[in-house]
Amino acid sequence: MRLQSYLSKTLSKNSQCQTINQNNLLKHLQDGNNSPQQDNLSEQLSASIINLFICFRQINATVQDNPTGLGAARLRLCYTHSIAALYVFFILFRLAHHYHWANSFLVIIDISSEVRGTKHLTWYITFHHKNIYMPPPRPHPKTFAIVFERYVAAGKPDRAVKVFLSMHKHGCDRNLCAFNMLLDVLCKSKRVEMAFDLFRAFRGRFRADVVSYNIIANGWCLIKRTNRALEVLREMVERGLEPTISTYNLMLKGYFRAGQVKQGWEFFLKMKKRGCEIDVVTYTTVVHGFGVVGEVEKARRVFDDMVKEGCLPSVATYTALIQVLCKKSSVEDALVVFEEMVRKGYVPNTTTYNVVIRGLCHSGKMEKAMELMGRMKDDECEPNIQTYNVVIRYFCDAGEVEKGMELFGKMRSGECLPNLDTYNVLMSAMFVRKKADDLLVAGKLLIEMVDRGFVPRRFIFNRILNGLLLTGNQWFAKEILRLQSQSGRLPRHFKL
DNA sequence: ATAGGGTTAG
């Protein structure tokens, strides 16, 4: 039992864990009910479990000291080892003297639904409420936002509504805030009609405020129905609610998104004429809006105008302009603006860098892109998952899989861990080359990603299997097949 | 506690 020896070793070494009764934990592992088959755990996974174990202790400790500030870095770590996180959660759950805090629940619900779908969501909430081991008796309101979102993403919006309506049974108020969160989740998933019906039915009861109206108006804008959004705004005014600057900004954004550039521009002029306090966000929206439809000159003009009118551009405004130039003009022009902003004392952030780096990659200037990536640290922003994914993708497209792998190696050892996309890009690149060694590497990547709780698509498995069988690597093929069956991704009617 | 500008390939 490798896991057990791991645990006892780490527990005796790590002072942070000594508050936990080792015997208790080991006994739990021995009777093993309810826990995943621990014999099948790979070494790496066992190590992650330990890591997670420590994490959860720390999360709970942190929350105890300071309920508002979570150990964000620690939390992020949990997300990269979803399976291990679930496992640890349940081990701790079974310990009589251990209890989870509301925030741990929040994290675990989020993780569980990512890995297992919506199957256990209701169970979690019910359990959360009833569990006598948990002194802070009410779930964090944010937990509900996550549950709403997961149900809606799984195509079960009515379940989300149901949970909302039964919130009070789980120890949480059905208040305006929760109502707005539900509306927002529905709107963001483009189920605006449903949100609107709900809104109309309950707006009196929950005393809908500016935020509710903004959410609904924004929802109509998201599905490009600006007329409906406008109606909502009118209604809002009729009911005596004063629109805020963000109300106007979202309307403006809606026009540009719907391709109604002319209306958008007129709306902007109207805002000016009526003496709205136009802010940077407004200008940024317009610059970006013109950019999307390819009106480089107009975007530039607005950018220049704003300074004259006494509104300084922000980093986001610069980012918008740079993106416009990358897409519709040339990377060189974009770089000029980039350097100009640096000269003026702005500090580009990760998004700005990502835009420039993407532009450079797109026009084949990989060295320059790498140079900028190195520069990011000087500006105190680290490359994030998007940065890595873009550069790796373009390296792979150019057939330089090694360079992609090099970056991938950096990711694994650093703060920024690969996601599903990263794995997919790299593995696809390996299939293109069809080298026997590549297939081995791809196979290892596959094992690693399953370990981390990602569920690879069926065809990825099949491709690797085909490749391995063609190159005569029967043994490895068998391993992969076993993995495929464990992830529930076997071909239909297939028996091992 | 809830909304609110800038990043994603073909």
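Computation of the quantities below employed the complete heavy-atom set of this structure, encompassing side-chain atoms and omitting hydrogens, waters and symmetry-equivalent molecules. Throughout, protein chains are lettered first and strands after them, A, B, ... in sequence-line order, and every chain is numbered starting at 1.
Pairs passing the salt bridge (Lys or Arg N to Asp or Glu O under 4.0 Å) check and including a residue from residues 347-369 of chain A, sequence neighbours excluded, read A:E332-A:K365, A:K368-A:E371. Note on residues 235-244 of chain A: pairs passing salt bridge (Lys or Arg N to Asp or Glu O under 4.0 Å), not counting sequence neighbours, are A:R203-A:E235. Pairs of residues two or more places apart, or lying in two chains, that qualify as salt bridge (Lys or Arg N to Asp or Glu O under 4.0 Å) and include a residue from residues 248-275 of chain A are A:K272-A:E309.
Among the atoms of the strands shown, base atoms are found under 4.0 Å from some heavy atom of A:Q386. Across all strands shown, A:T387 has no heavy atoms under 4.0 Å from either base or sugar-phosphate atoms. Among the protein residues, A:K142 comes within range of no part of the nucleic acid, since none of its heavy atoms lies under 4.0 Å from any strand. Using a 4.0 Å heavy-atom distance criterion, A:V287 is classed as making no nucleic acid contact.
Applying the salt bridge (charged side-chain N to carboxylate O under 4.0 Å, His left out) criterion to A:D379, with sequence neighbours excluded, gives no partner residue. Taking A:V315 as the reference, A:T319, A:M341, A:Y346, A:N349, A:T352 meet the side chain to side chain contact (heavy atoms under 4.5 Å, CB included) condition, with sequence neighbours excluded. In terms of the side chain to side chain contact (heavy atoms under 4.5 Å, CB included) criterion, residue partners of A:R205 (sequence neighbours excluded) are, by chain and number, A:R174, A:F202. Not a single side chain to side chain donor-acceptor pair (under 3.5 Å) links A:R228 to another residue, sequence neighbours left out. For A:I245, the side chain to side chain contact (heavy atoms under 4.5 Å, CB included) partners two or more places apart in sequence, or in a different chain, are A:N249, A:M271, A:D279, A:T282. Residues satisfying the side chain to side chain contact (heavy atoms under 4.5 Å, CB included) test with A:L241, not counting sequence neighbours, are A:V210, A:Y213, A:M236.
Contacts between residues 348-376 of chain A and DNA chain B, defined by a heavy-atom separation below 4.0 Å, involve A:N349, A:T351, A:T352, A:N354, A:V355, A:R358, A:H362, listed by number. Contact check of residues 192-216 of chain A against DNA chain B (heavy atom, cut-off under 4.0 Å) returns A:V211, A:N214, A:I215.
Read 5' to 3', the first and last nucleotides of DNA chain B with an atom closer than 4.0 Å to a heavy atom of chain A are B:dA1 to B:dG10.
Taking CZ of A:F268 as the reference point, atom OH of A:Y255 lies at 15.0 Å (rounded to 0.5 Å).
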